[in-house]
Each structure stands twice: as C-alpha cells, then as structure tokens.
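Step one of this worksheet: look at the structure below.
It should be emphasised that the depicted structure is a prediction, and the values quoted were computed from it without experimental measurement.
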There are 2 protein chains.
Amino acid sequence: MDTTSGPVESTAPPAESGPAALRRTLHQRGLRMTPQRQLVLDAVRELGHATPEQICTQVQQAAPAVNITTVYRTLDLLERIGLVRHTHLGHGAPTYSEQEHQHVHLVCHSCGTVTESPTDLMDGLAQRLLAESDFVLDPSHVALSGRCRECRDEEGASR
Amino acid sequence: MDTTSGPVESTAPPAESGPAALRRTLHQRGLRMTPQRQLVLDAVRELGHATPEQICTQVQQAAPAVNITTVYRTLDLLERIGLVRHTHLGHGAPTYSEQEHQHVHLVCHSCGTVTESPTDLMDGLAQRLLAESDFVLDPSHVALSGRCRECRDEEGASR
DNA sequence: TTATCTGCAAATATTTTGCAAGGTA
DNA sequence: TACCTTGCAAAATATTTGCAGATAA
C-alpha cells in the first residue's frame with residue numbers, strides 16, 4: 001500500500017457529487033484527481049452494490065486499459081476519504097456502494113437474493129447493544145442472513 | 001466436490017456427541033467414518049470459532065499428514081449434515097463452530113475483537129423481519145459490525 | 001470387492017506488492 | 001519539477017478440482 005498510506009483523515013464528504021466535488025475532496029488531502037478515480041466512483045454509483053471485479057468490468061467499458069489493481073487501490077482510497085463503503089453480504093467478495101447508500105441488507109442463504117430495508121429496522125437493537133454492551137452498531141456494514149419467503153415456501157412444500 | 005454431492009439430507013443431528021454418534025450420523029446417510037472426520041469435528045469443538053486454516057493446524061498436531069483440502073471438504077460435509085455451521089465475521093475467512101454454538105457475534109471493525117451475545121438479542125428484530133418482510137432471520141450466521149467501547153473511547157480522545 | 005475418501009498437485013480466485021513509466025499540480 | 005498514480009508482473013492468500021492410490025464397509 002503506497003499511494004494510500006499516510007495521514008489521510010476520514011472526514012465527511014462534501015454534499016455535492018460530481019467531478020468538481022471529487023477533485024476538491026482529493027485536493028483537500030493532497031491527493032490527485034485522475035480519470036480512473038472518477039470512473040471508479042461513477043461505477044460504484046451506477047452499480048449500486050458491486051464487487052471490485054464487477055466495478056472493474058464496468059470501468060473497462062469506458063476505459064479498457066484500467067487495471068483491476070487500480071480498482072482495488074481506488075476503492076480503498078475512496079473508502080478512506082468517506083465517499084464509498086463496503087458491505088459484507090456473506091460469501092464471496094465484499095460489495096461497494098456510495099457512502100450515503102445506507103440500509104440493512106437481508107441475504108437469503110438459500111437463493112442468495114439481497115433485499116434492502118431501511119436502517120431504522122435496527123434502531124431498537126442498536127439501542128440495546130449500546131446500553132448492554134457499549135457497542136456502537138454499524139447497521140449497514142454486514143448483511144443479515146436468513147431465508148426469504150420464496151425459499152421457505154419451497155422448502156416447506158418439499159419436506 | 002465429489003464426496004459431498006448427492007442427496008445428503010440436512011436433518012437434526014443426534015443429541016449425543018462422540019465417535020459413536022458421528023459414525024452413526026454418517027452411516028445413516030451412506031457416508032463413511034474416518035479418522036480425519038473425527039479429528040476435524042473435534043478441532044471445531046475445541047477451538048470454538050476457527051477458520052479452516054486454524055482447524056487444519058489443530059488437526060495436524062494429532063495427524064500431520066492430514067491435508068487442508070480434506071479439512072475444507074470435511075467442514076463442508078459436516079455442515080451439510082448439520083454438525084457444524086459457519087459464521088461470517090466480516091473480513092477474512094469464515095469461521096466454523098458447533099451447530100449448537102448459537103449466538104450473535106459483535107465484531108469491532110476497528111480492533112477486530114469478537115464478542116458473543118445471546119441470540120435473544122435479535123428476537124425483536126427477527127419478529128419484525130418476519131412480519132414485515134417474510135424473512136426468517138438466522139441470527140448467528142453473520143456478525144454484527146460496529147465499534148466496541150475501547151475503540152470508541154480512543155477515537156473520542158484523539159479527535 | 002467396491003464405492004467412498006484422502007493426499008497431492010495443479011487450477012482458480014481474490015487481493016496485495018514492487019517497481020518503472022506516466023500523469024497531475 | 002516533484003511526487004502521486006498507474007499498469008504490469010509477480011507474489012501472497014484462499015479455495016476448489018482432478019485423479020490415482022488408500023481405506024471403510
């Protein structure tokens with residue numbers, strides 16, 4: 001990790017989005033604006049939730065020469081400066097999305113479908129955790145796992 | 001996956017544990033008892049939560065020739081027959097534990113510490129998910145992510 | 001005896017690192 | 001110009017697969 005080390009503080013991103021905003025956010029920290037960084041950020045926004053691999057594919061449609069290494073490094077950097085975040089949906093690679101894209105993920109471990117729910121679903125739990133365990137919950141970082149209705153119905157029928 | 005495919009039903013394991021119980025459970029499904037399978041199951045029980053790598057290391061203390069491949073295949077099989085389960089604690093490899101070992105995992109994404117809490121912590125959430133989304137929550141399959149008190153205090157002090 | 005299992009090697013997949021060339025400010 | 005970034009190749013990690021020989025039943 002060479003380009004990403006050093007005192008890069010993680011503060012709140014600017015309210016606007018777009019090329020100028022990204023440039024400013026980068027410059028504030030002594031980082032440079034590059035086409036690759038804009039493309040990766042655009043891809044994250046367009047794809048919603050995507051693995052580094054998927055993001056790379058998307059970016060390469062506009063700029064085929066961009067290397068997956070750059071995608072990894074850029075996602076890392078964008079996360080550190082607070083523009084994107086990653087979520088573990090269970091198996092497989094983490095997925096990246098916009099920082100603002102906050103909600104609870106429900107993953108069916110039968111069919112793999114990912115559903116999104118508002119984060120206030122976790123409010124009660126978050127309060128309990130804070131009170132009982134002094135633990136500040138990040139409700140959107142990991143997915144909740146279980147079984148969706150479709151899979152439950154199927155299983156119920158076949159048993 | 002050759003030894004593990006086929007119609008292996010996932011029913012409840014027997015109440016007792018031990019070599020005889022494992023043998024019986026395997027034979028019920030036309031599978032064979034082997035020293036490796038017992039060793040892997042023992043390691044899972046001894047280690048509590050462990051990655052395939054850690055389990056392999058543990059097994060190899062008793063039987064150095066056991067290959068990591070066998071550990072992966074065996075964990076897969078033991079999971080399919082309901083004796084072990086795996087949990088995603090966030091980054092890194094999944095960890096395996098006994099099926100009975102059910103609780104909610106709280107992972108601090110600053111320091112990585114894993115805390116365990118009783119699953120009834122999630123009861124309210126589980127009910128809401130069932131009512132609102134027809135989603136049957138598996139409270140122990142994925143960890144909850146957040147920040148533990150120690151890390152919050154440190155961060156608060158440095159800011 | 002026979003089908004299941006295992007160990008080994010190799011293939012995949014994912015992510016990281018070193019480094020020289022290229023690009024931004 | 002200075003040094004941040006990128007692309008490429010290679011390394012490091014994690015997991016899976018093919019297959020021949022070993023083994024349980």
Is the ring centre of A:His88 less than 6.0 Å from the ring centre of B:His88?
no
Would you kindly give the [atom1]-to-[atom2] distance between [X] and [N], to the nearest whole Å?
{"X": "A:Leu77", "N": "D:dT6", "atom1": "CG", "atom2": "C1'", "value": "13 Å"}
{"X": "B:Leu31", "N": "C:dC5", "atom1": "CG", "atom2": "C1'", "value": "11 Å"}
{"X": "B:Leu89", "N": "D:dA14", "atom1": "CG", "atom2": "P", "value": "15 Å"}
{"X": "A:Gln54", "N": "C:dT14", "atom1": "CD", "atom2": "P", "value": "10 Å"}
{"X": "A:Asp76", "N": "D:dT5", "atom1": "CG", "atom2": "C1'", "value": "14 Å"}
{"X": "B:Arg73", "N": "D:dT17", "atom1": "CZ", "atom2": "P", "value": "10 Å"}
{"X": "B:Gln36", "N": "D:dG21", "atom1": "CD", "atom2": "C1'", "value": "14 Å"}
{"X": "B:Leu22", "N": "D:dA25", "atom1": "CG", "atom2": "C1'", "value": "15 Å"}

Can you name the residues that form a salt bridge (Lys or Arg N to Asp or Glu O under 4.0 Å) with [X], not counting sequence neighbours?
{"X": "A:Asp123", "value": "none"}
{"X": "B:Asp120", "value": "none"}
{"X": "B:Asp138", "value": "B:Arg85"}
{"X": "A:Glu132", "value": "A:Arg128"}

Quick check on C:dC8: is either OP1 or OP2 less than 4.0 Å from any side-chain nitrogen or oxygen of B:Asn67?
yes
Counting only side-chain nitrogens and oxygens, does A:Tyr72 get under 4.0 Å of the OP1 or OP2 atom of C:dT16?
no
Would you call A:Leu125 and B:Leu144 a side-chain contact if the rule is heavy atoms closer than 4.5 Å?
yes
Angle between the end axes of the helix from C:dT1-D:dA25 to C:dA25-D:dT1, five pairs per end, to the nearest 10 degrees?
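Rounded to the nearest 10 degrees, the bend comes out at 30°.
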How is B:Pro64 classified with respect to the nucleic acid when contacts are heavy atoms under 4.0 Å: base, sugar-phosphate, or nothing?
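B:Pro64: no heavy atom of the nucleic acid under 4.0 Å.
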Could you tell me whether B:Thr69 contacts a base, only the sugar-phosphate backbone, or nothing, with contacts defined as non-hydrogen atoms closer than 4.0 Å?
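Counting heavy atoms under 4.0 Å across all strands, the contact made by B:Thr69 includes a base.
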Could you check B:Pro94 against B:Met33 and say which one's nearest nucleotide on DNA chain D is further toward the 5' end?
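Closer to the 5' end of DNA chain D: B:Pro94.
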A:His103 vs A:His49 aromatic rings, parallel, tilted or perpendicular, using cut-offs 30° and 60°?
tilted
Per [X] side chain, nearest of listed nucleotides [options]:
{"X": "A:His27", "options": "C:dA25, D:dG7, D:dA25", "value": "C:dA25"}
{"X": "B:Thr70", "options": "C:dT14, C:dT6, D:dT5", "value": "C:dT6"}
{"X": "B:Thr74", "options": "C:dT6, D:dA25, C:dG7", "value": "C:dT6"}
{"X": "A:Ala93", "options": "C:dT15, D:dG7, C:dT24", "value": "C:dT15"}
{"X": "A:Thr34", "options": "C:dT15, C:dC5, D:dT6", "value": "D:dT6"}

Is the base of D:dC3 touched by the side chain of A:Arg32 through a donor-acceptor pair closer than 3.5 angstrom?
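Answer yes: a donor N or O sits under 3.5 Å from an acceptor.
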Who pairs with A:Tyr96 by ring-ring contact (aromatic ring centres under 6.0 Å, His included), at least two apart in sequence or on another chain?
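Per chain and number, A:Tyr96 pairs via ring-ring contact (aromatic ring centres under 6.0 Å, His included) with A:His86.
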